[in-house]
Each structure stands twice: as C-alpha cells, then as structure tokens.
Amino acid sequence: ALPADFYLSAGIAYTRGKNDTEHRNLPEIPPFSGQLGLRYDNDSFFAEIEGVFTSTQDKVDELLNEQETSGWAIANLKVGYTCKGLKLFAGVRNLFDKFYYEHLSSNRDPFSSGIAVPEPGRTVYAHMQYAF
C-alpha cells in the first residue's frame with residue numbers, strides 16, 4: 001500500500017527447463033514475464049493501470065517444431081464503482097492495440113497446423129453486478 005489510497009502491484013515469473021540427457025530445451029516452457037500495476041481505490045471507486053510484458057522466448061524445443069516468439073508489452077486500464085449492492089466495472093485490455101503473439105500460440109505439431117494465432121487487439125469490457 002502507498003499513501004492516499006494508492007496501491008502498487010508487481011509480479012515476475014521465470015521458468016527454465018533443460019533436458020540434461022539429450023542436451024536440449026524442454027518443450028512448452030514460457031518466457032520471462034511480468035506485470036506492474038498502480039491502483040487508486042477509496043472503497044467506492046477504483047482506477048487501475050497495468051503493464052504486462054514477456055521477453056523473447058528463444059529457448060524452444062526444435063525437435064517438436066516449437067517456434068521462437070518475440071517479446072511484447074501491453075497496457076491495461078480498469079475502473080470500477082461500488083455503491084451498496086451495485087458494482088460497476090469497465091476496462092480496456094491492450095489499450096494501445098499492440099499486435100503480438102503469446103508463446104505457443106500455435107500448438108505443437110502434429111496436433112495443429114502450426115500457424116501462430118495472434119492475441120486480440122484492443123478489447124473493451126463492462127460488467128454490472130447487483131446483490132440483494
């Protein structure tokens with residue numbers, strides 16, 4: 001928690017997998033990734049901006065035809081309001097409409113076509129909830 005109803009969140013993840021017997025990378029290992037967010041929340045209203053990123057994934061299993069994936073970074077924005085039993089939420093994911101691929105977006109052969117599928121562009125969402 002920061003002063004004046006502000007909150008900071010952060011997280012990172014890294015996995016490394018190596019087949020020591022065959023001296024090659026293990027399959028389906030995600031790249032280094034993380035997120036950083038700043039949130040204002042006064043119990044009835046909140047606003048949050050978040051950055052999410054991954055590094056280039058170049059530690060792939062060539063025997064399974066895994067392809068390298070470029071790194072990327074996106075920004076997300078969320079707002080919400082709560083009053084008695086009513087909760088309203090809205091947000092934008094991929095605020096700047098970045099074109100990118102998640103690692104392993106094309107499942108490995110022979111079970112798929114091997115064609116990489118990009119993530120959606122800018123996505124806007126809204127949610128309303130009322131509890132009696």
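All residue numbers in this chain count up from 1 along the given sequence.
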Quiz item: Is there side-chain contact between Glu62 and Leu64, with heavy atoms separated by less than 4.5 Å?
Solution: no

Quiz item: Is there side-chain contact between Leu86 and Gln129, with heavy atoms separated by less than 4.5 Å?
Solution: no

Practice problem: Mind listing the closest non-hydrogen atom pair of Ile74 and Asn94 along with its distance? | Solution: CG2-OD1, 3.6 Å

Quiz item: Going by heavy atoms in the side chains, are Leu2 and Tyr7 under 4.5 Å from each other?
Solution: no

Quiz prompt | CG on Asn76 to CD on Glu50, rounded to 0.5 Å | solution = 5.0 Å

Quiz item: What about Met128 and Tyr130, same hydrophobic cluster or not, with Ile/Leu/Val/Met/Phe/Trp/Tyr joined at side-chain heavy-atom distances under 4.5 Å?
Solution: yes

Practice problem: Please check if atom NZ in Lys87 has more than 12 non-hydrogen atoms from other residues, nucleotides or ligands closer than 6.0 Å. | Solution: no

Quiz item: Atom CG in Leu88, atom OG1 in Thr82: separation rounded to 0.5 Å?
Solution: 8.0 Å

Quiz item: Any side-chain heavy atom of Lys59 within less than 4.5 Å of one from Arg16?
Solution: yes

Quiz item: From Ser55 OG over to Ile12 CD1, what is the distance, rounded to the nearest 0.5 angstrom?
Solution: 11.0 Å

Quiz prompt | Taking every non-hydrogen atom, the tightest pair across Thr56 and Gly71 | solution = OG1-N, 3.2 Å

Quiz item: On the ring face of Phe96, is Arg122 found with NZ or CZ under 6.0 Å from the centre and within 45° of the axis?
Solution: no

Quiz item: Step by step, would you call Leu36 with Leu8 a side-chain contact (heavy atoms from CB on, under 4.5 Å)?
Solution: CA-CA 8 Å; Leu36 180 64; Leu8 183 66; 4.0 Å; yes

Quiz prompt | Flag, side chain of Asn19 to backbone of Leu26, donor-acceptor distance under 3.5 Å | solution = no

Quiz prompt | Trace of the side-chain contact (heavy atoms from CB on, under 4.5 Å) decision for Gln67 with Thr69 | solution = CA-CA 6 Å; Gln67 301 296 311; Thr69 308; 5.8 Å; no

Practice problem: Would you sort out whether Gln35 and Ser9 count as a side-chain contact (heavy atoms from CB on, under 4.5 Å), showing the intermediate values? | Solution: CA-CA 8 Å; Gln35 64 79 251; Ser9 64; 3.6 Å; yes

Self-check item: Check: Ile29 main-chain N/O paired with Gln57 side-chain donor or acceptor under 3.5 Å
Solution: yes

Self-check item: Smallest separation among heavy atoms of Glu66 and Glu28, with atom names
Solution: OE2-N, 2.7 Å

Quiz item: Any side-chain heavy atom of Phe46 sitting closer than 4.5 Å to one from Tyr81?
Solution: no

Quiz item: Hey, is the main chain of Gly121 close enough, under 3.5 Å, to the side chain of Thr123 for a donor-acceptor pair?
Solution: yes

Self-check item: Non-hydrogen side-chain atoms of Trp72 and Val52 separated by less than 4.5 Å
Solution: yes

Self-check item: Minimum-distance pair of heavy atoms, taken over all atoms of Pro31 and Thr54
Solution: CG-CB, 4.0 Å

Quiz item: Does atom CZ of Arg93 have more than 12 heavy-atom neighbours from other groups under 6.0 Å away?
Solution: no

Quiz item: Looking only at heavy atoms, what is the nearest atom pair of Lys98 and Ala73, with distance?
Solution: CG-O, 3.9 Å

Quiz item: Can you tell if the side chain of His127 reaches within under 4.5 Å of the side chain of Tyr125, non-hydrogen atoms only?
Solution: no

Quiz item: OG of Ser33 to CD of Glu102: how many Å apart, nearest 0.5 Å?
Solution: 8.5 Å

Quiz item: Is there side-chain contact between Val124 and Val92, with at least one heavy-atom pair below 4.5 Å?
Solution: yes

Quiz item: Going through the distances and angles, do Leu38 and Phe6 end up as a side-chain contact (heavy atoms from CB on, under 4.5 Å)?
Solution: CA-CA 7 Å; Leu38 180 64; Phe6 282 95; 4.3 Å; yes

Quiz item: Rounded to the nearest 0.5 Å, how far does CG of Leu63 lie from CZ of Arg24?
Solution: 4.5 Å

